[in-house]
Engineer: 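Could you have a look at this structure, given as structure tokens, before my questions?
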Amino acid sequence: MLEFYNVSASCGGVPILNDISVCFQKGEITAVIGPNGCGKTTLLQCLNGASKVTSGAIALEGADYLAMPHRERARRISFLPQVRTVIPALPVKTLVEHGRFPHLGFSRKKSEKDIAIVREAMQFAHVDAYAAQYADTLSGGIRQRAFFAMALAQDCDYIVLDEPTTYLDLKGQRELTEMILQLKNNGKTVILVLHDIGQALRISDTVVIMHDRKIAATATPEECLRQHIIETVFDVRLKEFSDGEGCYYFFY
Amino acid sequence: MRKKILSLVLLLILCFFAGILLGSVPLSPASVLRCLAGFDRDSTAYVLVHTVRLPRAAGACLAGMGLATAGVLLQYVMNNALASPNTIGVNSGAGFAVMLALLLGNGQASCIPAAAFLGALATSLAIFGLAYMADSSRTTIILAGITVSSFLNAGINTIKLLDTDISVNLTSFMIGSLSGITYEHLKIPGAAILAALLMTFVFARSVNVLGLGDDIARSLGLNVPVVRLSILVLSSMLAGCVVSYAGLLSFVGLVVPHICRRLFGNDARYLLPCSALLGASFVLICDILGRVLFAPFELPAGILMSFIGGPFFLYLLLKKKGGRRVNA
């Protein structure tokens, strides 16, 4: 379980979040949704240090997360940021191998185990066929999966993804969603920011709704729908469709 | 990759030996070898080899290693392919500090490397701080670097023109030259450069992770501010120490890393040692040609560097096939 207690956070010296408490359950998929600028990214960036926690505490399975050294944090929670300031001109395999960085000792030598984990991560994300190709020459979808594989190679129980599907086409989104569900089946805890509310409701166990830099609600998708939380927060209307395979939600 | 590194090592050994062998006074390879091995202690060749050519070759070697490595480090730390000790003003900062030290220290040689290091560090911190605070684009950083450089160069010129007693040949200093280097000049900066090079290789993997961008580097557990500061300190040490005895050698720090990126890829674990090796060979070759081409007249190594490095770099830029794009 990952818990935020009364966390206030600033980004680039500007205070963004004030007194936020929220809890992410172990073994679940939790989607964080909310309008642009509501503080979703700032909240999650408390985990990789890109946002500065000015007060409050974060507990990871009872342990003080913020007191851990950077490297230890990266061994417990892997975080895939949304922004890519650099598109590395590196072979996909080298990129994925960087995911092992927090686990390497002082000599920085790769062990058999590291090599095996990198291979599994590439297979899981379906990028093993591109191992030798340079990341900057690949399409956006494959490149995103390569970064995803890098995050998986960190081999953490908690995986945090900031808008992993935003720049993907529909096929790319579907593939990534399937992988995320698979991760949950493998016992991982996934926390992700999503812009597509329908997608969030479909794949997550819990939805955290943020509005105006506050947590507006934490609820299961069913409760969200029953209590019309999303319609209120986002000021939208909902149409629900269903067929033999499941329910589909359309907001407008 | 192992073969490529080995050939670079061989090239460096060859250049180093040529640097001792060739010059305005002809020596035979056999006598050079005998002198290096410690024989013929009374001959002129022995004196020439040990007091002139060997220190000069060592100086060239260290200068090339230092500047090329500093270039690679700055490119990663600023995530900017155009960064180099020369383009962001680190060299000029070191040069200005050297001039200031000469002016205020009454020509005491001992404080010069320290002054050069401090000048280089102050400039790189200033440029980086500027980039960080203003969240400036890559072009802005380079423009700021060029501006700071020309400002500091004006300072260097002013000091030299106002105090004509300073025992530095201004032209050679501004272009970068290796003539007249003795062991005495090299003792402190040489040790500092070697130490910084060793440290650099320890940092190679962190440098790689930093090259992925701040956000990803943080997520992978890298302490970004600490690593970035350490690398800025190391690159300032390298560039500053070189400037303290060789002047403002340009070009090595920018061109050699790019040549190596094209030949060896973007992995800092290979890029750093390869750039150091190629940088050393490049400076040695330029220094040799400067001595030999118009002997007994001598062209400063800095001039040859631009003459040879410029066209070669343009050739690499235009030759798209097989080339790797630059990371950043």
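To find a chain, count down the sequence lines: A is the first, B the second, and so on, and within it residues start at 1.
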Engineer: Heavy-atom count check: over 12 atoms from other residues, nucleotides or ligands less than 6.0 Å from K184(A) NZ?
Structural biologist: yes
Engineer: Any heavy-atom pair between the side chains of L90(A) and L212(B) that's under 4.5 Å?
Structural biologist: yes
Engineer: Which residues in residues 215-226 of chain B have any heavy atom closer than 4.5 Å to a heavy atom of chain A?
Structural biologist: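 Against chain A, the residues of residues 215-226 of chain B that fall inside the cut-off (heavy atoms, under 4.5 Å) are D215(B), I216(B), R218(B), S219(B), L220(B), G221(B), L222(B), N223(B).
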Engineer: Can you tell me if Y130(A) has over 12 outside heavy atoms packed within less than 6.0 Å of its OH?
Structural biologist: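 Incorrect, the count does not exceed 12.
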Engineer: Specify which of M150(A), Q82(A), H70(A) makes the most heavy-atom pairs with chain B at under 4.5 Å.
Structural biologist: H70(A)
Engineer: Is any residue of residues 85-93 of chain B within less than 4.5 Å of chain A by heavy atoms, and which ones?
Structural biologist: none
Engineer: Do other residues, nucleotides or ligands put more than 12 heavy atoms under 6.0 Å from the NZ atom of K188(A)?
Structural biologist: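 Yes, because the 6.0 Å sphere around NZ of K188(A) holds more than 12 heavy atoms from other groups.
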Engineer: What part of L47(A) gets within 4.5 angstrom of chain B, counting heavy atoms only: side chain, backbone, both, or neither?
Structural biologist: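 Neither the backbone nor the side chain of L47(A) comes within 4.5 Å of chain B.
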